[in-house]
*Asks:* 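Have a look at the structure that comes next, please.
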Protein chains: 2
Amino acid sequence: MSSANPHAWSEHARAVLARAGRQRGGARERVIELLARQPCALSAVEIEDELRARGEATGRASIYRVLDLLVEHGLAERVTVGQGQARFETVDPTGEHHHHLICERCGRLVAFDDPGLERAIDRVGQRLGMRVERHDVLLRGACERCE
Amino acid sequence: MSSANPHAWSEHARAVLARAGRQRGGARERVIELLARQPCALSAVEIEDELRARGEATGRASIYRVLDLLVEHGLAERVTVGQGQARFETVDPTGEHHHHLICERCGRLVAFDDPGLERAIDRVGQRLGMRVERHDVLLRGACERCE
DNA sequence: ATAGGAACGAGAATCAGTCTCATATTGTGG
DNA sequence: CCACAATATGAGACTGATTCTCGTTCCTAT
């Protein structure tokens, strides 16, 4: 789930990085632009392939660097959906966040948010005396279309 | 978190696999026995090393095969904690399950369960019209010791 | 005891992700 | 506009986990 306005996110991302003293660069620009217009999380390999397909081939190392940088600055989130690869998606500047639900029939990945779930997680953290800084929730099952 | 009674789990696992028409075999037996007595999730590599250390060296392919088989039959669960490797742990035959909380300072992995969280997840599924068959929850932060 | 399907194991292959290092860009101060 | 120092980039080697291949060995129902 990218922000409703892809442009807003990419602008925001550029601003945050500039403020952090980062110079601009082609690879970064390409990754940011691509990520900005995605409806849901992409893996690094998908990004690499997609950029190459568009004739904007970009070094793998740069892609991972940009992704790390975005995550580090809270601009993107690393989503671990499957077994072996991480996916990345933009984080809404307003701070809203969400979780995913994956249909094990068709592979569709859907984002959702739920205040009740967030509250339940907060309570767990308190109960266990742990400072929960982040949490990943992934629901697996059959989506409406596949049921 | 294995079942309170490791013996019960390994017996159960053997029974389920026998019922499924699987033959017995040394590698499987070794992995099941090892898994049965673990307090928490082990990675495939840890299993391989631990077995070798005990003089029960077992082929890597067999370990992964056994693990897949266990997951397939609902006897074990794949827990994706970090970036690059999966961990596996026994699933209690009674159906009870739990989630994990990882301390990002010391790497300690702790299991917990929480009915409130389960209820919140059920509600999300209903609200979204999805049949949620499984769910993964991972809380990341600082544990009491590290805070 | 034996045939045929399972299970095994060694090691090669794959795949995501990381690292290295030489080169190219960027932005600042002059 | 120029030089320079900091940063960004890319090719490709490398790593570590997992998967694949395939010949061998083990089970178990006749």
Side-chain angles (χ1 to χ4, degrees), chain A residues 13-35 41-52 54-73 75-89, chain B residues 13-35 41-52 54-73 75-88 107:
Chain A
R14 277 187 212 99
V16 168
L17 295 176
R19 216 173 300 135
R22 292 335 196 88
Q23 294 179 181
R24 291 152 145 283
R28 190 132 84 213
E29 205 48 35
R30 295 194 286 279
V31 173
I32 287 179
E33 278 309 307
L34 177 59
L35 228 40
L42 280 187
S43 70
V45 173
E46 286 166 351
I47 292 172
E48 186 176 5
D49 292 347
E50 175 63 21
L51 288 177
R52 186 177 320 106
R54 291 191 190 187
E56 302 184 332
T58 298
R60 186 176 318 143
S62 298
I63 293 174
Y64 282 104
R65 267 189 301 246
V66 172
L67 258 11
D68 283 350
L69 194 63
L70 293 174
V71 169
E72 217 169 89
H73 288 273
L75 295 164
E77 194 179 2
R78 179 178 266 112
V79 179
T80 311
V81 162
Q83 39 297 55
Q85 91 274 44
R87 306 181 84 82
F88 297 83
E89 65 177 9
Chain B
R14 277 187 211 98
V16 168
L17 295 176
R19 216 173 300 135
R22 294 332 198 90
Q23 292 179 180
R24 290 152 146 283
R28 188 130 86 213
E29 204 49 35
R30 294 193 288 279
V31 172
I32 288 179
E33 278 309 308
L34 177 59
L35 228 38
L42 279 187
S43 71
V45 173
E46 286 166 351
I47 292 173
E48 186 177 6
D49 292 347
E50 175 63 22
L51 289 178
R52 184 177 323 104
R54 290 192 190 189
E56 302 183 332
T58 299
R60 187 174 314 145
S62 298
I63 292 173
Y64 282 103
R65 267 189 301 249
V66 173
L67 258 10
D68 283 350
L69 192 64
L70 293 174
V71 170
E72 217 169 89
H73 287 272
L75 296 164
E77 193 180 1
R78 179 178 266 113
V79 178
T80 311
V81 163
Q83 38 298 57
Q85 91 274 41
R87 307 181 83 82
F88 298 84

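Sequence lines set the chain letters: A, B, ... in the order given, protein chains first and strands last, and positions in each chain run from 1.
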*Asks:* Nearest heavy atom decides the nucleotide; on that basis, is B:A86 or B:R24 closer to the 5' end of DNA chain D?
*Replies:*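 Closest to the 5' end, via its nearest nucleotide, is B:A86.
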*Asks:* Any side-chain heavy-atom pair from A:V45 and A:Q85 closer than 4.5 angstrom?
*Replies:*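 Of all side-chain heavy-atom pairs linking A:Q85 with A:V45, none is under 4.5 Å.
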*Asks:* Is there a side-chain contact between A:R30 and the phosphate of D:dG10, meaning an N or O under 4.0 Å from OP1 or OP2?
*Replies:*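 Indeed, a polar side-chain atom of A:R30 lies that close.
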*Asks:* At under 4.0 Å between heavy atoms, what does A:T58 touch on the DNA or RNA strands: base, sugar-phosphate, or nothing?
*Replies:*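 Sugar-phosphate: the residue A:T58, judged by heavy atoms under 4.0 Å, touches backbone atoms but no base.
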*Asks:* What are the two closest non-hydrogen atoms of A:R28 and A:V66, and how far apart are they?
*Replies:*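 Looking at all heavy atoms of both residues, the closest pair is CA-CG2, 3.6 Å.
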*Asks:* For A:R24, look at atom CZ and say whether over 12 heavy atoms of other residues, nucleotides or ligands are found less than 6.0 Å away.
*Replies:*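 At most 12 heavy atoms, drawn from other residues, nucleotides or ligands, come within 6.0 Å of this atom.
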*Asks:* What is the distance from CD of B:E48 to P of C:dC8, rounded to the nearest Å?
*Replies:*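 For the pair B:E48 CD and C:dC8 P, the rounded distance is 15 Å.
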*Asks:* Flag the pair A:I32 / A:L75 as yes when at least one side-chain heavy-atom distance between them is below 4.5 Å, and no otherwise.
*Replies:*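 In short, these two side chains do not touch, never coming nearer than 4.5 Å.
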*Asks:* Could you tell me how far apart B:I63 (CD1) and D:dG16 (C1') are, to the nearest whole angstrom?
*Replies:*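 One finds 15 Å between C1' of D:dG16 and CD1 of B:I63, rounded.
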*Asks:* What is the nucleic acid contact for A:A61, judged by heavy atoms within less than 4.0 Å: base, sugar-phosphate only, or nothing?
*Replies:*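 Base, at least one base heavy atom under 4.0 Å.
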*Asks:* D:dA8 phosphate, OP1 or OP2: any side-chain N/O from A:R28 under 4.0 angstrom?
*Replies:*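 Result: yes.
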*Asks:* So, are B:D68 and B:R65 salt-bridged, with charged N and O less than 4.0 Å apart?
*Replies:*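 Not counted as a salt bridge, because no side-chain N and carboxylate O are separated by less than 4.0 Å.
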*Asks:* Expressed in angstrom and rounded to an integer, what is the separation of B:Q23 atom CD from C:dA6 atom C1'?
*Replies:*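 About 4 Å, once rounded to whole Å.
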*Asks:* Mind checking B:G26 for me? I need base, sugar-phosphate or nothing, with any heavy atom below 4.0 Å counting as a touch.
*Replies:*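 Sugar-phosphate only.
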*Asks:* Between C:dG9, D:dT9, C:dG17, spot the one nearest the side chain of A:Q85, thanks.
*Replies:*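 Of all the options, the side chain of A:Q85 is nearest to C:dG17.
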*Asks:* Between A:E50 and A:R30, is there a side-chain N and carboxylate O pair less than 4.0 Å apart?
*Replies:*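 A salt bridge is absent here (no side-chain N lies under 4.0 Å from a carboxylate O).
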*Asks:* Report yes if at least one side-chain N or O of B:R22 is closer than 4.0 Å to OP1 or OP2 of C:dA6; otherwise report no.
*Replies:*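 Looking at the OP1 and OP2 atoms of C:dA6, neither is under 4.0 Å from any side-chain N or O of B:R22.
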*Asks:* Check every strand shown and say whether A:R60 touches a base, only sugar-phosphate, or nothing at a heavy-atom separation below 4.0 Å.
*Replies:*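 Counting heavy atoms under 4.0 Å across all strands, the contact made by A:R60 includes a base.
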*Asks:* Nearest to the side chain of A:A44, which nucleotide is it out of C:dG17, D:dT18, C:dC8?
*Replies:*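 Among C:dG17, D:dT18, C:dC8, the one nearest the side chain of A:A44 is C:dG17.
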*Asks:* Does C:dG17 have its OP1 or OP2 closer than 4.0 Å to a side-chain nitrogen or oxygen of A:Y64?
*Replies:*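 Yes, such a contact exists.
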*Asks:* Within this structure, what is the CZ-to-C1' distance between B:R14 and C:dA6, rounded to whole angstrom?
*Replies:*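 Between C1' of C:dA6 and CZ of B:R14: 18 Å.
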*Asks:* Under 4.0 Å from OP1 or OP2 of C:dG9: is there any side-chain N or O of B:S62 that close?
*Replies:*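 Checking B:S62 against C:dG9: at least one side-chain N or O falls below 4.0 Å of OP1 or OP2.
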*Asks:* To the nearest Å, give me how far apart CG (B:L51) and P (C:dA10) are.
*Replies:*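 Taking atom P of C:dA10 as the reference, CG of B:L51 is at 13 Å.
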*Asks:* Base of C:dG17, side chain of A:R65 - is there a donor-acceptor contact under 3.5 Å?
*Replies:*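 There is none.
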*Asks:* Rounding to a whole Å, what distance do you find between A:E56:CD and D:dG10:P?
*Replies:*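 Value for this atom pair: 11 Å.
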*Asks:* Take the protein atom CZ of A:R87 and the nucleotide atom P of C:dG17, then report the distance between them rounded to whole Å.
*Replies:*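 In whole Å, C:dG17 P lies 10 Å from A:R87 CZ.
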*Asks:* Quickly work out the B:E46 CD to D:dG16 P distance and round it to whole Å.
*Replies:*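 My rounded result for the distance is 15 Å.
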